[in-house]
Amino acid sequence: MHNPFKELPQKVGELHSSPIMRRYEGNPILTAEGFPYPATLVFNAGVAKFRDRYYIAPRVDHFAPDYSRPALNITTAFGYSDDGIHFTMEKEPIRVHYKGQILPWVCDSRLTVLEGELYLSFCFENQHSERPGIARWRGEGTDFDAVCIGIPQQRNMILWPEKVNGYYMRLERPSNQYREPFHIWYSKSPDLRFWGDSELLLGCEDVPFANCKIGGGAPPLKTDRGWLLIFHAVDTDPDRAMDVPACKGWNKRYTCGAALFDLEDPSKLIAITKQPLLAAEASYETDPGQWFVNNTIFPCGAVLNDDNNTLRIYYGSCDYSTNLAETTLEELWSVMTPCSRMAEYATVPFRIEEWKK
Ligand code: BMA
């Protein structure tokens, strides 16, 4: 049997950003500078256009001056803007209410507009590991109410912006600390609360510039050619291992790519970028000077402008700042290659055969 899991490259090699991507010349658009409450790193920001305004929800890590771990606090901030570039930040972080409590360390949030409401998909940390969830905005201030919480270990849960074939959908990215690669999955729900029918959406083996894990980036965008997913891809290379005390051995590289899925059957992959859209190249992406996860592009927001052609991608870089790059759908189609998913079904026998060897 053809086994795509066997074919993950040991090393991905040199990567460059696609010439179709234009970084905003004023990047970064958000850092900790001037932030309304204690913050060290402001990155990985969900962005959505809602009621004629842009909303942003960046992750905010606050560290002691010597950066000693763990962080003093991790929160998600909330801000708004008319132009999608200059944001006014609320003075308090987002509070996600769940069964009378406020969830701790909410981070890596995405914003989805669904049926006229604004939703936050997020990850939070507690003593039982990382867990994902989805919450609805109360419409003012920074309070959100959780509508569902997932089990550990998952990040990058992302709510789809509309029902497909009668069901709500969400992206998921389960992980397990012992066995990479990690892939992008989806689940369906009749009511946003109970989720099931989980299946593989995109395998790490489908992304030529990943050898370790992939994860959803922004909520999928509906286009006339299909559902467009901006995702992140990760490759490791022992030769890149860093030798600084804060992150001895860090050798990951996070890049950004795009995949296209069938409009009627979004589980069907129809095209992908064989090369990254964005790979770390600007100085704020390769080495911001005071933080360790260099070479990290982490997209969390994608907004199609009113012309339905200009695509903005918002991404965190180096777990340090929030940035913006633009292209057009026309250009994007020109760098996407038609394809189908390598593993047709994510079946149990397939993995067992593999593990027997
Ligand atoms: C991922 C998440 C992101 C982070 C990235 C790079 O696992 O923790 O928040 O940006 O790693 O460190």
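The first residue in the sequence is number 1, and the count goes up from there. Small disclaimer: the values here were computed from a predicted structure and weren't measured. In what follows, every heavy atom counts, from backbone to side chain, and hydrogens, waters and symmetry copies are set aside.
- Counting heavy-atom neighbours within 6.0 Å of Gln101 CD, excluding the residue itself, gives a total of 12 or less.
- In this model, no donor atom of one side chain and acceptor atom of the other lie less than 3.5 Å apart for Asn295 and Arg240.
- Judged by distance alone, with hydrogens and angles left aside, the side-chain atoms of Thr76 form no donor-acceptor pair with the main-chain N or O of Ile94 at under 3.5 Å.
- Looking only at distances, no side-chain donor or acceptor of Ser18 sits under 3.5 Å from a matching main-chain atom of Met21.
- Taking the side chain as every heavy atom from C-beta outward, Tyr167 and Asp197 never approach each other to under 4.5 Å.
- When hydrophobic clusters are built by joining Ile, Leu, Val, Met, Phe, Trp and Tyr residues whose side-chain heavy atoms come closer than 4.5 Å, directly or via intermediates, Leu324 is grouped together with Val42.
- Atoms CH2 and NE2, from Trp185 and His183 in turn, are 7.5 Å apart once rounded to the nearest 0.5 Å.
- Side chains of Tyr314 and Asn323 form no contact here, defined as non-hydrogen atoms less than 4.5 Å apart.
- With a 6.0 Å radius and a threshold of 12 heavy atoms from other residues, nucleotides or ligands, Lys49 has its NZ atom above the threshold.
- The closest side-chain heavy-atom distance from Arg225 to Trp333 is below 4.5 Å.
- Residues Phe122 and Leu120 share a closest heavy-atom pair of CD2-O, 3.6 Å.
- Salt bridge Arg22/Glu326: absent, no basic N to carboxylate O contact under 4.0 Å.
- Taking the side chain as every heavy atom from C-beta outward, Phe182 and Ile214 never approach each other to under 4.5 Å.
- At a threshold of 4.5 Å between non-hydrogen side-chain atoms, the residues Tyr315 and Asn27 count as touching.
- When all heavy atoms of Leu159 and Met169 are compared, the closest pair comes out as CD1-O, 3.5 Å.
- Between Arg23 and Glu25 there is no salt bridge, since no side-chain N of the basic residue sits under 4.0 Å from a carboxylate O of the acidic one.
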Take Asp235 and Lys11, measure what salt bridge (Lys or Arg N to Asp or Glu O under 4.0 Å) needs, and give me the verdict at the end. CA-CA 7 Å; Asp235 73 289; Lys11 287 183 185 204; over 6 Å; no
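- Using cut-offs of 30° and 60° on the angle between ring planes, the pair Tyr254 and His232 is tilted.
- Around the CZ atom of Arg138, the shell of radius 6.0 Å holds more than 12 heavy atoms that belong to other residues, nucleotides or ligands.
- For the residue pair Gln154 and Pro132, the shortest heavy atom distance occurs at CB-CG, 3.5 Å.
- By the 4.5 Å heavy-atom criterion applied to side chains, Glu281 and His16 are counted as neighbours.
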Could you check Phe78 against Tyr55 for ring-ring contact (aromatic ring centres under 6.0 Å, His included), going step by step and ending with a plain yes or no? CA-CA 7 Å; Phe78 198 38; Tyr55 285 85; 5.6 Å; yes
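- Considering every non-hydrogen atom in both Leu30 and Pro58, the closest pair reads CD1-CG, 3.9 Å.
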Could you walk me through whether Asp145 and Arg136 pass the salt bridge (Lys or Arg N to Asp or Glu O under 4.0 Å) check? CA-CA 5 Å; Asp145 295 299; Arg136 189 188 297 116; over 6 Å; no
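- At most 12 heavy atoms of other shown residues, nucleotides or ligands fall within 6.0 angstrom of atom CG in Asp52.
- A search for ring pair (Phe, Tyr, Trp, His ring centres under 6.0 Å) contacts involving Phe261 returns nothing, not counting sequence neighbours.
- Separation of atoms CG (Asp143) and CD (Glu92) is listed at 9.5 Å; rounding is to 0.5 Å.
- Salt-bridge check for Arg155 with Glu125: passed, with a basic side-chain N closer than 4.0 Å to an acidic carboxylate O.
- Within the 4.5 Å cutoff, the side chain of Asn211 has no heavy atoms near those of the Gln10 side chain.
- Under a cut-off of 6.0 angstrom, the local environment of NZ in Lys163 is crowded, with over 12 non-hydrogen atoms contributed by other residues, nucleotides or ligands.
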Which is it for Tyr80 and Phe50 under the ring-ring contact (aromatic ring centres under 6.0 Å, His included) test, yes or no, and what are the steps along the way? CA-CA 10 Å; Tyr80 52 89; Phe50 180 59; over 10 Å; no
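- Contact check for Trp160 versus Pro266: side-chain heavy atoms found under the 4.5 Å cut-off.
- Ala218 approaches Ala302 most closely through the heavy-atom pair CB-N, 3.4 Å.
- The two residues Phe35 and Ala77 make their nearest non-hydrogen contact at CZ-CB, 3.6 Å.
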